[in-house]
Amino acid sequence: MGAVESTEGEREPLLVPSQPATNTQPGLSRVYGRRWFVLTMFSLLGFMQGLVWNTWGPIQISAKHVFEFSSTDIAVLVMWGPVGYLPWLLFMSLMDKKGLRASLLLSAFFMVLGAALRSVPLKDLYYRRWMIHGGQLLNGLAGPTIMSAGPLLSTTWFAPDQRATATAIASLIGYLGSACAFLIGPLAVPAPNGTVGSTVYWNQNHIRDRIQFVLYAEVGMIAALFVAVLFYFPSRPPVPPSVAAASQRLSYRSSICRLLSNMRFLMVALAYSVPTGVIAGWAGVLDMILTPAKVSQVDAGWIGFWSIVGGCVFGVAMARFADYIRGMLKLILVLMFAGASLAATWFTLTCLTRLTHLPSTTATLYTSCILVGIFINSSVPIFLELFIETVYPVPEGITCGVVTFLSNLFTGLLLFCLTFYFTAALWMGAVSGVLSSISTGKSCPG
């Protein structure tokens with residue numbers, strides 16, 4: 001792989017001698033061409049983890065028909081993602097002590113095992129459902145590393161003027177996987193006869209075969225990625241890309257203590273975790289929420305797809321913009337949250353048309369939901385950069401592990417409530433929970 005020398009501003013000594021010395025050559029920092037391969041492999045694993053997590057929500061009507069799932073089962077299948085985040089401290093410790101390669105290999109192994117369990121074609125539906133639930137839980141256990149290690153990878157491999165862009169790609173690609181589940185599921189798996197928007201008869205065996213095909217394809221792709229990571233995925237480059245990448249960081253225990261005692265960090269973490277956690281859980285069961293509003297499985301899939309894809313594209317663009325303008329992160333976040341609050345209110349009032357008497361059309365549902373996704377999801381890389389700046393020299397992986405745990409906590413709480421207190425009107429308006437984000441967003445430290 002080729003190597004490119006960094007800019008003049010980064011060519012500073014990495015180690016400063018304790019005594020003054022003359023004729024000392026400054027240490028060199030380098031960025032390697034292989035950094036893009038490392039980023040690609042990590043991003044593809046994140047993509048597949050998001051795809052597997054969101055398998056069942058977009059095809060919930062077909063899954064209920066074939067596997068006799070209930071609405072509670074669908075919510076629990078989505079909830080295994082946040083539940084898998086409970087042992088996050090163990091994964092953060094492994095990442096801090098053994099490096100990114102060891103923790104990523106463990107996560108990839110969980111993903112392969114979980115995808116394989118889901119695809120075992122058992123005839124007994126009782127045991128088949130348990131296998132599917134177990135597979136979803138194992139995929140959720142890969143979440144702490146996949147969702148938290150993006151900033152660590154970007155700092156370890158990329159120069160400062162590329163760091164925010166690399167962070168955006170690594171952190172948002174999992175969202176893109178979730179978005180593709182909205183597209184792949186409804187297009188590959190037909191809805192049963194009698195559901196909204198379906199006029200063609202599909203027998204149960206045909207639907208089961210199509211679901212099985214999707215599961216086999218996913219386990220094959222994850223297995224290929226696991227083999228690739230096993231053969232080549234270094235934890236760090238031979239020479240660091242910047243002074244920050246080579247600097248001494250706090251220990252694992254000291255980092256946790258500093259984060260939990262830093263009110264500035266906790267305020268920013270709350271502003272991040274509430275809206276992103278609510279939106280993640282809400283999107284995971286979007287098809288179930290929109291079914292009472294007479295939205296078909298395919299249309300709900302397209303709405304979810306474009307809302308997440310729009311957030312990913314806009315998020316990468318904003319991260320590239322933030323690479324050049326470092327002092328406007330708070331203003332950018334406040335504007336994003338203001339837009340998300342307005343779009344969420346519009347979407348909620350549109351869904352509750354029986355109460356508000358506002359016109360509910362496909363165009364308004366698409367536009368309002370997509371705008372919510374764009375404003376919330378595109379804020380993720382900006383927040384991650386803000387976290388890193390706020391708590392330096394705490395290691396990036398530990399910092400992002402804490403905030404993604406909090407985000408998954410709110411996702412789990414939302415899905416837990418959905419499991420036991422589901423009503424159509426309540427959950428069509430659940431997205432209005434992001435309204436709280438505008439006040440927390442304005443309280444973010446600058």
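Values reported hereafter were calculated over all heavy atoms of this structure, with side chains retained and with hydrogens, waters and symmetry mates removed.
- Taking the side chain as every heavy atom from C-beta outward, L89 and M92 never approach each other to under 4.5 Å.
- Within the 3.5 Å criterion, the main-chain N or O of L153 finds no donor-acceptor partner in the side chain of T156.
- Between N408 and T411, the side chains place no donor N or O within less than 3.5 Å of an acceptor N or O (distance only, hydrogens not considered).
- Of all the heavy atoms in P58 and P186, the pair that sits closest is O-CG, 3.8 Å.
- A distance below 6.0 Å separates the ring centres of F337 and F383.
- Applying the 6.0 Å contact sphere to CH2 of W130 captures no more than 12 heavy atoms from other residues, nucleotides or ligands.
- P190 places a side-chain heavy atom less than 4.5 Å from the side chain of I207.
- T404 places a side-chain heavy atom less than 4.5 Å from the side chain of Y272.
- Residues F226 and L105 share a closest heavy-atom pair of CE1-O, 3.8 Å.
- Smallest separation of non-hydrogen atoms from A115 and I222: CB-CD1, 3.9 Å.
- Here the closest non-hydrogen pair linking F233 and L104 is CZ-CD2, 3.4 Å.
- When only modelled atom types and interatomic distance are considered, S148 and Y85 share a side-chain donor-acceptor pair under 3.5 Å.
- Heavy-atom contacts from other residues, nucleotides or ligands closer than 6.0 Å to CZ of F109 number 12 or fewer.
- Q136 is not listed as a side-chain neighbour of L117, based on a closest heavy-atom distance of 4.5 Å or more.
- Side chain of S103 to backbone of L100: a donor-acceptor contact under 3.5 angstrom is found.
- Between F47 and the choices L225, I146, I173, the side-chain contact (heavy atoms from CB on, under 4.5 Å) rule is met once, by I173.
- Side-chain atoms of R128 and F67, non-hydrogen and from C-beta on, do get closer than 4.5 Å to each other.
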Would R118 and T55 count as a side chain to side chain donor-acceptor pair (under 3.5 Å) if you check the C-alpha gap in whole Å, the side-chain angles of each, and the deciding distance to 0.1 Å? CA-CA 11 Å; R118 299 189 321 156; T55 297; 3.2 Å; yes
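- Using bins of under 30°, 30° to 60° and over 60° for the plane-to-plane angle, the ring pair W306/W302 lands in the parallel bin.
- In summary, of the residues considered (R34, R101, M41), a side-chain contact (heavy atoms from CB on, under 4.5 Å) with Y232 occurs for R34 alone.
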Check against side chain to side chain contact (heavy atoms under 4.5 Å, CB included), V403 and F265: CA-CA 9 Å; V403 297; F265 165 76; 3.6 Å; yes
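- At a threshold of 4.5 Å between non-hydrogen side-chain atoms, the residues P82 and W53 count as touching.
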Before giving the answer on side chain to side chain contact (heavy atoms under 4.5 Å, CB included), spell out for L138 and W80 the whole-Å C-alpha distance, their side-chain angles and the decisive distance to 0.1 Å. CA-CA 8 Å; L138 287 170; W80 287 127; over 6 Å; no
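- Looking at every heavy atom in both residues, F375 comes nearest to M336 through CB-O, 3.3 Å.
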W346 vs V372, side chain to side chain contact (heavy atoms under 4.5 Å, CB included): CA-CA, chis, key distance, verdict: CA-CA 10 Å; W346 182 19; V372 172; over 6 Å; no
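- Considering every non-hydrogen atom in both G50 and S178, the closest pair reads O-OG, 3.4 Å.
- Counting non-hydrogen atoms of neighbouring residues, nucleotides and ligands closer than 6.0 angstrom, the CZ atom of R129 exceeds 12 such neighbours.
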Applying side chain to side chain contact (heavy atoms under 4.5 Å, CB included), run through F305 and I184 and close with a yes or a no. CA-CA 10 Å; F305 174 78; I184 295 172; over 6 Å; no
